[in-house]
K.L.:
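Pasting a structure below so you can have a look.
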Amino acid sequence: MEYDKKRARRIEAGGRSLFIHNLPAHSPQDLYHYCMTISWPRFYLFIAAAFIALNVLFAGLYQLQPNGIANQFPQGFLGAFFFSVETLATVGYGDMHPQTLYSHWISMLEIFIGMMSIALITGVTFARFSRPRARIVFTNHPVVRSLNGEQVLMLRAANARSNVIIDASARLRLLRHERSADGAVFRKLLDLQLTRDQHPMFLLGWTLMHKIDESSPLYGLDAAALAAGKAQLILSINGMDETTLQPMVARHAFPHQDIRWNHAFADLLYTDEDENDHVDYLRLQEVHPLRPEEGDLRDVDA
């Protein structure tokens, strides 16, 4: 199978190299984790870019009114930019100062932003910004299939950061509408036992299975029965992010119509002709009708 080594991410896992393809793009909510993992030079370049962008914005506001800054040097946008830097930093050299009511209002706003930004960045903003957010992605379609002579429900999740989540644990629940003997309709939450609900090192993919036997709330039910009860599956995963040493929690709900009966997942992991191992996150969402000759799935638990 052909692949692009330049676009693939290479990681070491379990003493072997893995090439990771089609990782989900970073979201704005993942900015904290991005700042925690980039190098120090790139981090300070990011801060410098934000500083320059803010001063460019205020320089443009000062330029909206000509002659709003006394002793402006040099004239034009560059002088307004330098004045903005001095104002934002509350340096106040005194050479340049506002001389119109409009410029006084703009400088007052900028000074207020400059003073408050220090407190906000180190206080409330950091507290909100540093809240841990998992980047665990889930398959769109759980599958029900026969495996080793037993009927099983299977779900799949993947760690989009490709770092280790330590001591990950998973819980699966069934939420459905039931009718009591007197005709009242209520929502009932039932636990679905997983064959393995703990993972010591959740790095790439994790396939979770629930046996549909006599003890399962799903025993004897089909797609029509789940639809009648407006059923949905709720999967939650939590663990400790090894990079930030913070707890991670992710949850996803699967409505009954998303379940694929007598289907199988495509393999996330494959090996090329050069014996290189690859993980393709695009395959996370791939399911196909079960073939009679299809054997056990190949789980990705690296």
Side-chain angles (χ1 to χ4, degrees), residues 134 136-159 165 167-181 184-239 249-269 279 281 283-302:
I136 298 175
V137 292
F138 299 87
T139 183
N140 293 330
H141 302 290
V143 300
V144 176
R145 60 169 291 179
S146 177
L147 188 66
N148 296 328
E150 296 178 310
Q151 194 81 349
V152 295
L153 166 70
M154 300 173 60
L155 307 95
R156 193 157 62 175
N159 182 9
I165 296 179
D167 293 331
S169 61
R171 297 194 66 179
L172 180 62
R173 299 173 177 88
L174 171 67
L175 180 64
R176 69 185 182 191
H177 290 196
E178 293 191 359
R179 187 178 297 273
S180 63
V185 178
F186 62 95
R187 303 176 73 187
K188 189 173 183 179
L189 191 64
L190 303 168
D191 288 324
L192 300 181
Q193 186 67 37
L194 295 170
T195 58
R196 179 167 55 86
D197 59 4
Q198 302 287 328
H199 200 313
M201 296 176 60
F202 181 19
L203 174 61
L204 298 173
W206 188 5
T207 299
L208 302 120
M209 294 185 289
H210 166 74
K211 292 183 180 180
I212 306 178
D213 53 19
E214 290 82 356
S215 63
S216 170
L218 295 174
Y219 185 72
L221 300 181
D222 57 11
L226 293 180
K230 299 180 180 179
Q232 61 176 315
L233 302 171
I234 302 174
L235 175 63
S236 58
I237 297 177
N238 61 78
V249 179
R251 182 179 64 253
H252 192 77
F254 305 88
H256 63 87
Q257 59 266 28
D258 287 345
I259 300 175
R260 297 293 181 261
W261 298 76
N262 297 317
H263 278 62
F265 289 126
D267 288 339
L268 287 180
L269 177 66
V279 177
Y281 278 79
R283 297 187 176 191
L284 180 71
Q285 308 300 345
E286 292 184 13
V287 297
H288 55 80
L290 194 62
R291 299 184 295 271
E293 71 279 4
E294 190 163 13
D296 294 350
L297 79 163
R298 186 178 180 185
D299 200 359
V300 180
D301 288 331

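Quick note: numbers below take in every heavy atom, side chains included, and nothing from hydrogens, waters or symmetry partners.
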K.L.:
So, taking the atom named CG in L153 and the one named CD in Q151, what distance separates them when rounded to the nearest 0.5 Å?
P.N.:
9.5 Å
K.L.:
Verify the neighbour count for atom CD of Q193: are there more than 12 heavy atoms of other residues, nucleotides or ligands below 6.0 Å?
P.N.:
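Count not over threshold, so no.
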K.L.:
Among all residues two or more places apart in sequence or in another chain, which pass the side chain to side chain contact (heavy atoms under 4.5 Å, CB included) test with A170?
P.N.:
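Checked A170 against side chain to side chain contact (heavy atoms under 4.5 Å, CB included); matches are L194, W206, L208, L235, I237.
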K.L.:
Of all residues at least two apart in sequence or in a different chain, which pass the side chain to side chain donor-acceptor pair (under 3.5 Å) check with S215?
P.N.:
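Listed in chain order: D213.
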K.L.:
Applying side-chain hydrogen bond (donor to acceptor under 3.5 Å, both in side chains) as the test, list every pair that has at least one member in residues 253-262; sequence neighbours left out.
P.N.:
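The answer is H141-R260.
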K.L.:
What distance separates I259 CD1 from L218 CG, expressed to the nearest 0.5 Å?
P.N.:
7.0 Å
K.L.:
Which residues pass the side chain to side chain donor-acceptor pair (under 3.5 Å) test with Q198, not counting sequence neighbours?
P.N.:
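Q198 satisfies side chain to side chain donor-acceptor pair (under 3.5 Å) with no other residue.
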K.L.:
Hey, are the side chains of M154 and V152 touching, using non-hydrogen atoms and a 4.5 Å cut-off?
P.N.:
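Heavy-atom side-chain distance check passes, below 4.5 Å.
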K.L.:
In chain order, what residues pass the side chain to side chain contact (heavy atoms under 4.5 Å, CB included) check against A225, with sequence neighbours excluded?
P.N.:
L221, D222
K.L.:
Hey, could you give me the CG/CD1 distance between L192 and I212, rounded to the nearest 0.5 Å?
P.N.:
8.5 Å
K.L.:
Is there side-chain contact between V249 and S236, with heavy atoms separated by less than 4.5 Å?
P.N.:
no
K.L.:
To the nearest 0.5 angstrom, please state how far the NZ atom of K188 sits from the CG atom of L175.
P.N.:
11.5 Å
K.L.:
Going by the rule side chain to side chain donor-acceptor pair (under 3.5 Å), which residues pair with S169 if we only count those two or more places apart in sequence or in a different chain?
P.N.:
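Per chain and number, S169 pairs via side chain to side chain donor-acceptor pair (under 3.5 Å) with N238.
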K.L.:
State, with a plain yes or no, whether a side-chain heavy atom of R179 is found less than 4.5 Å away from one of V185.
P.N.:
yes
K.L.:
Decide yes or no for I136 and I165: does some side-chain heavy atom of the first lie under 4.5 Å from some side-chain heavy atom of the second?
P.N.:
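Yes, their side chains come closer than 4.5 Å.
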K.L.:
Rounded at 0.5 Å granularity, tell me how far CG in L233 sits from NE2 in H210.
P.N.:
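L233 CG to H210 NE2: 9.0 Å, rounded to 0.5 Å.
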K.L.:
Closer than 3.5 angstrom, by distance alone: can the side chain of T139 be matched with the main-chain N or O of L284 as a donor-acceptor pair?
P.N.:
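Side chain of T139 to backbone of L284, a donor-acceptor pair under 3.5 Å: yes, one is there.
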K.L.:
Mind listing the closest non-hydrogen atom pair of A158 and F202 along with its distance?
P.N.:
C-CZ, 3.8 Å
K.L.:
Do any N or O atoms from the side chain of Q232 and from the backbone of A253 form a donor-acceptor pair under 3.5 angstrom?
P.N.:
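No, Q232 side chain to A253 backbone: no donor-acceptor pair under 3.5 Å.
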K.L.:
Give a yes or no on whether the backbone of I234 and the side-chain of R251 come within a donor-acceptor separation of less than 3.5 Å.
P.N.:
no
K.L.:
Suppose we screen for salt bridge (Lys or Arg N to Asp or Glu O under 4.0 Å). Which residues come up paired with D191, at least two apart in sequence or across chains?
P.N.:
R171, R173
K.L.:
Starting at CZ of R187, measure out to CZ of R176 and round the result to the nearest 0.5 Å.
P.N.:
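So the gap between those two atoms works out to 13.5 Å.
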K.L.:
Restricting to ring pair (Phe, Tyr, Trp, His ring centres under 6.0 Å), what partner residues turn up for H177, sequence neighbours left out?
P.N.:
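Ring pair (Phe, Tyr, Trp, His ring centres under 6.0 Å) list for H177, sorted by chain: empty.
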K.L.:
Look at the aromatic rings of H252 and F138 and report parallel, tilted or perpendicular, splitting at 30° and 60°.
P.N.:
parallel
K.L.:
Can you name the residues that form a salt bridge (Lys or Arg N to Asp or Glu O under 4.0 Å) with E150, not counting sequence neighbours?
P.N.:
K211
